[in-house]
Protein chains: 2
Amino acid sequence: MDALTQAQLNQFRERITPYVTFNEAEWIVFIQHLQVSHYKKKQHFAEAGKVCNYFGFILSGSVRYYNIIDGNEITGYFSFENELASSYKSFLTGEPAINYIQALEPSTIILINRKNMDAMLNNPMLAYKMERFGRLVAEHYLMCYEDRVTSFLTETPEERYLKLLQTGKDVLQRIPQHYIANFLGITPVSLSRIRKRILSPS
Amino acid sequence: MDALTQAQLNQFRERITPYVTFNEAEWIVFIQHLQVSHYKKKQHFAEAGKVCNYFGFILSGSVRYYNIIDGNEITGYFSFENELASSYKSFLTGEPAINYIQALEPSTIILINRKNMDAMLNNPMLAYKMERFGRLVAEHYLMCYEDRVTSFLTETPEERYLKLLQTGKDVLQRIPQHYIANFLGITPVSLSRIRKRILSPS
DNA sequence: TCAAAACGTTAACAAAAGATAAGAAAAGCC
DNA sequence: GGCTTTTCTTATCTTTTGTTAACGTTTTGA
């Protein structure tokens with residue numbers, strides 16, 4: 001756990017400003033509750049069976065979320081720089097996580113631990129804005145999940161893959177294809193077939 | 001739109017107290033922002049293409065959420081008494097909804113419209129608790145969606161159906177089976193086959 | 001640098017799900 | 001009550017996906 005640099009703080013502040021705008025006095029108190037940590041590739045940010053005590057903001061790098069089912073890893077989500085990383089349910093409830101979060105690349109992540117989060121929620125100077133921040137973040141991810149569930153119900157795997165391509169996110173290049181297959185809810189073999197179908201439509 | 005009865009208010013207050021506890025002065029102001037409305041069976045609470053301006057709490061009855069894809073209805077979710085009803089994304093963003101919400105039975109629903117919600121979020125007397133309420137509600141549904149996405153990634157339709165049965169919710173009896181099939185992400189025909197497989201495992 | 005591990009594709013076969021249609025039972029509606 | 005609509009099941013056929021294994025390539029790490 002290092003101290004945060006000014007550049008790291010600026011990056012974080014710029015990203016969260018649309019959600020919550022701290023004045024200078026608030027900001028100074030807020031950043032006292034932050035830590036930063038480096039993760040090597042394949043190092044775990046959270047693990048199934050253990051409580052996830054951190055809420056993370058990825059300054060650089062990326063992570064994947066996965067579950068282990070019958071000994072096989074199933075990758076369910078990815079987060080990249082300027083996005084959040086947390087086994088949200090575990091962080092919120094204090095119950096052991098059911099998934100793993102692992103660095104896909106060497107990553108630098110700002111951390112807020114459960115104790116500091118509670119301290120801010122109970123600090124009259126920050127409480128209101130932290131509640132609001134928490135609401136907007138939760139609502140944001142809720143809407144993302146809502147879209148994802150809808151896509152599972154109304155789209156074929158091929159449609160989901162095409163839509164994913166259309167987002168044009170270059171971050172996709174950084175993800176092994178069998179993880180993307182998991183993300184889409186199919187096997188790597190099946191995704192390979194879909195890709196072939198798309199390239200040479202008969 | 002009727003005035004709320006004391007019994008209705010009590011039911012609502014009991015249900016939301018775990019999320020937010022209003023004192024008497026706050027409660028009196030809060031309930032001034034509530035309305036109540038009755039929905040006939042099959043009447044719509046929200047419709048695709050129209051902005052959902054209401055956030056609902058179901059006092060009695062039930063609703064289903066559905067999309068129309070290629071002319072076919074796909075039911076994605078249900079809500080019952082003491083649960084919420086809203087085309088959440090539309091309510092939050094003000095954009096037209098992409099799904100329909102329809103009463104499955106004659107239903108009575110408490111409504112908070114967008115204007116009243118904003119008024120409370122901007123009323124210093126209520127703002128803090130409304131932000132907190134909103135945060136906890138969003139977090140609750142976020143966790144539900146997270147579980148649901150995980151189930152799509154890691155379970156077969158048969159496993160999802162068995163797990164649904166194991167919840168033992170008698171509300172399932174109130175839902176036509178082909179809606180449950182949609183909810184599980186499969187066709188009604190496929191669910192019928194799964195049921196047969198379960199009853200007479202060869 | 002070199003062996004091991006990870007990755008993507010392809011093939012062959014099995015299992016499951018989708019599409020469509022038909023028919024029976026149940027529910028809803030004048 | 002009698003008619004229509006909805007609901008569920010079943011059968012047949014097609015399509016898709018899963019499973020397993022093989023193979024070549026790329027990446028990784030000691």
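Chain naming here is simple, since letters A, B, ... match the order of the sequence lines and numbering starts at 1 in each. Just so it is clear, the structure is predicted and the values come from calculations on it, not from any experiment.
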Distance, rounded to the nearest Å, where L184(A) contributes CG and dT16(D) contributes P: 17 Å
Between the protein and nucleotides 6-11 of chain C, are there any N/O to N/O pairs under 3.5 Å, and if so, what are the atom names and distances?
from	atom 1	to	atom 2	distance (Å)
dC7(C)	OP2	H178(A)	NE2	3.1
dG8(C)	OP1	Q177(A)	N	2.8
dG8(C)	OP2	Q177(A)	N	3.1
dG8(C)	OP2	H178(A)	N	3.2
dG8(C)	OP2	H178(A)	ND1	3.1
dT9(C)	OP1	R195(A)	NE	3.4
dT9(C)	OP1	R195(A)	NH2	3.3
dT9(C)	OP2	Q177(A)	NE2	2.4
dT9(C)	OP2	S192(A)	OG	3.3
dT9(C)	O5'	S192(A)	OG	3.3

Most 5' of I186(B) and K41(B) on DNA chain C, judged by nearest nucleotide: I186(B)
Between dG18(C) (C1') and N182(B) (CG): distance, integer Å: 13 Å
Rounded interatomic separation in angstrom, taking CG from N72(B) and C1' from dG18(C): 12 Å
Separation of atom CG in L153(A) from atom C1' in dG18(C), rounded to whole Å: 16 Å
Exercise: do S87(A) and N99(A) side chains pair donor with acceptor under 3.5 Å: yes
Ring-ring centroid check Y39(B) F45(B), cutoff 6.0 Å: yes
Side-chain H-bond candidate by donor/acceptor type, E14(A) with N10(A), under 3.5 Å: no
No-hydrogen, no-angle side-chain donor-acceptor test under 3.5 Å, N67(A) and E73(A): no
Atom pair distance, as rounded to whole Å: CZ in F152(A) and P in dT17(D): 13 Å
Y145(A) ring center within less than 6.0 Å of Y145(B) ring center: no
Phosphate-side-chain proximity, T187(A) and dT17(D), N/O vs OP1/OP2 below 4.0 Å: no
Between dG29(D) (P) and K40(A) (NZ): distance, integer Å: 12 Å
Gap between atoms CD and C1', on Q43(A) and dG29(D) respectively (whole Å): 17 Å
Aromatic contact, Y54(A) with F91(A) (centres under 6.0 Å): no
Spacing between L172(B) atom CG and dT7(D) atom P, to the nearest angstrom: 16 Å
